[in-house]
Amino acid sequence: MNPSSPAPTAAAGSADAWSGAGRRIFMQEVGPRDGLQVEKAFVPTADKIALVDALSDAGMAKVEVTAFVSPQAVPALADADDVLRGIRRRPGTVYTALVPNPRGAERAIAAGADELNLVMSATETHNLSNLRMTREQSFAGLAQVAAMAHAAGVAVNVSLSCSFGCPMEGDVPAETVDAWTDRFVGPEIGARGVTLCDTTGMAYPTQVVALARRFRARHPGTELTLHFHNTRGMGLANVLAGIAAGADRFDASLGGLGGCPYAPGATGNVCSEEIVHALGLMGYDTGVDLAALVAASRRLPGLVGHDTPSQIAKAGQRLDLHPPPAGFDAIRARALARDAA
């Protein structure tokens with residue numbers, strides 16, 4: 001089966017309609033960049049490298065290692081060059097980095113990025129607020145960076161923020177998303193992949209299905225990634241909706257870290273271990289060692305200095321069993337004695 005094709009259909013409401021049946025889903029980790037960039041505590045370089053290595057060992061298909069941005073703008077990622085140069089490269093894992101401009105692209109290429117992730121917003125207000133540029137100005141910059149990447153033989157992905165809604169402008173017409181993604185895939189950028197981002201947690205399942213199907217119909221040969229936040233508790237539902245629409249690549253963040261500064265009350269990205277846990281139970285093949293992923297997540301509070309949203313890190317996997325309560329043998333003995341009386 002083409003990995004970008006939807007699973008065979010089944011009657012709505014049937015058990016088969018919810019069965020992954022071994023279908024491959026590619027999990028892409030954004031925690032080292034999207035998660036750590038908003039943290040107040042600086043995570044030491046060696047710990048960042050160890051975190052990325054742990055994610056590689058767990059089998060993540062792609063890891064967004066860092067962002068090559070101004071250290072003054074994002075001090076948490078001031079060590080981007082050292083981190084990307086210092087990680088252990090696992091065959092089969094793609095190591096990507098966010099780059100905002102040509103200088104960032106030069107640094108990322110020199111440090112050995114497999115892919116450059118370029119970002120702009122679907123709405124003018126969010127783009128101006130986040131990037132201090134109009135959308136056309138952003139696009140012109142992305143085209144320049146893409147040309148540098150292609151010349152160096154490095155792949156390009158473009159992430160379109162606010163694809164599912166803008167906290168300042170509201171609903172984003174699907175036609176707007178179509179217009180920008182057409183340009184990303186076209187000759188000016190030549191992106192290998194496009195990420196539709198639910199930057200502020202406004203997506204809902206039927207919208208996800210519609211937008212993902214539109215993209216797949218327009219660009220069947222382009223990698224599609226869906227990037228969800230769990231701001232309103234619909235993260236997992238949106239992932240399942242995306243899968244139903246034929247998507248097979250999903251960004252997620254270890255421990256559920258992350259968030260957007262322009263979305264009041266926003267929580268982090270969908271949680272990597274929660275998504276892997278759910279998809280594994282449903283029969284999907286994520287290629288991820290969940291136990292290793294959970295172990296890495298449980299080390300996060302010590303790195304960032306606070307608890308994380310991850311429910312799997314707290315509660316464990318569904319079949320992580322626990323001993324009976326204290327005094328259980330006496331309880332059982334009394335119950336059996338009653339039967340014998």
Per-pair distances, 0.1 Å, donor-acceptor, side chain in residues 148-158, under 3.5 Å, sequence neighbours excluded:
| residue | atom | partner | partner atom | Å |
| --- | --- | --- | --- | --- |
| H150 | NE2 | I189 | O | 2.7 |
| N157 | OD1 | V194 | N | 3.4 |
| N157 | ND2 | N117 | OD1 | 3.0 |
| N157 | ND2 | T195 | OG1 | 3.0 |

Is the side chain of [X] donor-acceptor paired with the backbone N or O of [Y] at a distance under 3.5 Å, no angle test?
| X | Y | result |
| --- | --- | --- |
| E274 | Q311 | yes |
| T199 | C162 | yes |
| E273 | G255 | yes |
| E29 | G31 | yes |
| D53 | I87 | no |
| R33 | A67 | no |
| R107 | V99 | no |

For [X], enumerate each residue passing the salt bridge (Lys or Arg N to Asp or Glu O under 4.0 Å) test, keeping only those at least two apart in sequence or located in another chain.
| X | answer |
| --- | --- |
| D178 | R214, R218 |
| D57 | R88 |
| E124 | R135 |
| R318 | none |

| request: Answer yes or no for R249 and F26: cation-pi contact, defined as NZ/CZ to six-membered ring centre under 6.0 Å and angle to ring axis within 45°. | output: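 Judged by the rule (NZ or CZ under 6.0 Å from the ring centre, within 45° of its axis), R249 counts as positioned above F26.
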| Looking at F68, is R103 sitting on its ring face, NZ or CZ under 6.0 Å from the six-membered ring centre and within 45 degrees of the normal? |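 Judged by the rule (NZ or CZ under 6.0 Å from the ring centre, within 45° of its axis), R103 is not positioned above F68.
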| request: Could you tell me how the ring of F184 sits relative to the ring of F139: parallel (under 30°), tilted (30 to 60°) or perpendicular (over 60°)? | output: parallel
| said: Which residue in the set D182, V177, L226, T222 passes side-chain contact (heavy atoms from CB on, under 4.5 Å) when paired with F215? | reply: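 Single side-chain contact (heavy atoms from CB on, under 4.5 Å) partner of F215 among D182, V177, L226, T222: T222.
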| said: Could you walk me through whether K314 and D307 satisfy the salt bridge (charged side-chain N to carboxylate O under 4.0 Å, His left out) test, starting with their C-alpha distance in whole Å, then the side-chain angles of each, then the deciding distance to 0.1 Å, before giving a yes or no? | reply: CA-CA 10 Å; K314 296 179 180 69; D307 197 9; 3.8 Å; yes
For the residue pair [X] and [Y], establish whether any side-chain heavy-atom pair is separated by less than 4.5 Å.
| X | Y | result |
| --- | --- | --- |
| P32 | V63 | yes |
| H229 | M202 | no |
| I312 | C271 | no |

| task | Enter the distance from I25:CD1 to Y284:OH here, rounded to the nearest 0.5 Å. | result | 6.5 Å
Going hydrophobic residue to hydrophobic residue with side-chain gaps under 4.5 angstrom, can you get from [X] over to [Y]?
| X | Y | result |
| --- | --- | --- |
| V209 | L211 | no |
| L118 | V94 | no |
| F250 | M234 | no |

| request: I would like to know whether N230 and N269 meet side chain to side chain donor-acceptor pair (under 3.5 Å); could you show each step before the answer? | output: CA-CA 6 Å; N230 203 38; N269 298 65; over 6 Å; no
| task | Could you walk me through whether H227 and L196 pass the side-chain contact (heavy atoms from CB on, under 4.5 Å) test, one step at a time? | result | CA-CA 6 Å; H227 177 111; L196 300 181; over 6 Å; no
| said: Set out, in order, the CA-CA distance, both residues' side-chain angles and the distance that settles side-chain contact (heavy atoms from CB on, under 4.5 Å) for S272 and L293, then state yes or no. | reply: CA-CA 8 Å; S272 299; L293 195 64; 4.1 Å; yes
| said: Using the rule given for side-chain contact (heavy atoms from CB on, under 4.5 Å), can you reason through M133 versus L128, listing the C-alpha separation, both sets of side-chain angles and the distance that settles it, and then say yes or no? | reply: CA-CA 5 Å; M133 290 184 283; L128 285 165; 5.5 Å; no
Let me have the donor-acceptor pairs involving side chains of residues 322-336, under 3.5 Å, with sequence neighbours excluded, atom names and distances please.
| residue | atom | partner | partner atom | Å |
| --- | --- | --- | --- | --- |
| H322 | NE2 | D320 | O | 3.3 |
| D329 | OD1 | R332 | NH2 | 3.3 |

With a cut-off of 3.5 Å and sequence neighbours excluded, list every side-chain donor-acceptor pair involving residues 39-47.
| residue | atom | partner | partner atom | Å |
| --- | --- | --- | --- | --- |
| E39 | OE1 | H306 | NE2 | 2.7 |
| E39 | OE2 | H306 | NE2 | 3.2 |
| T45 | OG1 | D79 | OD2 | 2.6 |

| According to the side-chain hydrogen bond (donor to acceptor under 3.5 Å, both in side chains) rule, which pairs have a member within residues 201-213, sequence neighbours left out? | none
Going by distance alone, is a donor N or O of one side chain under 3.5 Å from an acceptor N or O of the other, for [X] and [Y]?
| X | Y | value |
| --- | --- | --- |
| Q72 | S70 | yes |
| S253 | D34 | no |
| T96 | E64 | no |

| said: Run the side-chain hydrogen bond (donor to acceptor under 3.5 Å, both in side chains) test against T286 and tell me which residues pass, sequence neighbours left out. | reply: none
| request: Give the C-alpha distance, both sets of side-chain angles, the deciding distance and a yes or no for side chain to side chain donor-acceptor pair (under 3.5 Å) between D251 and T225. | output: CA-CA 7 Å; D251 285 349; T225 296; 5.0 Å; no
| request: Step through the shown structure and confirm whether more than 12 heavy atoms of other residues, nucleotides or ligands are within 6.0 Å of CG on D171. | output: no
| Minimum heavy-atom separation for F228 to G235, with atom names? |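 Minimum heavy-atom separation between F228 and G235: CD1-O, 4.5 Å.
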| request: Could I get the full list of side-chain contact (heavy atoms from CB on, under 4.5 Å) partners for P173, not counting sequence neighbours? | output: E175, T176
| task | Just jot down the side-chain contact (heavy atoms from CB on, under 4.5 Å) partners of T123, sequence neighbours excluded, or say none. | result |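 Residues passing side-chain contact (heavy atoms from CB on, under 4.5 Å) with T123: H126, C166, E169, V172.
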| message | Considering only residues two or more places apart or on different chains, which pairs with a residue in residues 297-306 satisfy salt bridge (Lys or Arg N to Asp or Glu O under 4.0 Å)? | response | none
| field | Trace of the side-chain contact (heavy atoms from CB on, under 4.5 Å) decision for L257 with V38 | value | CA-CA 9 Å; L257 293 180; V38 298; over 6 Å; no
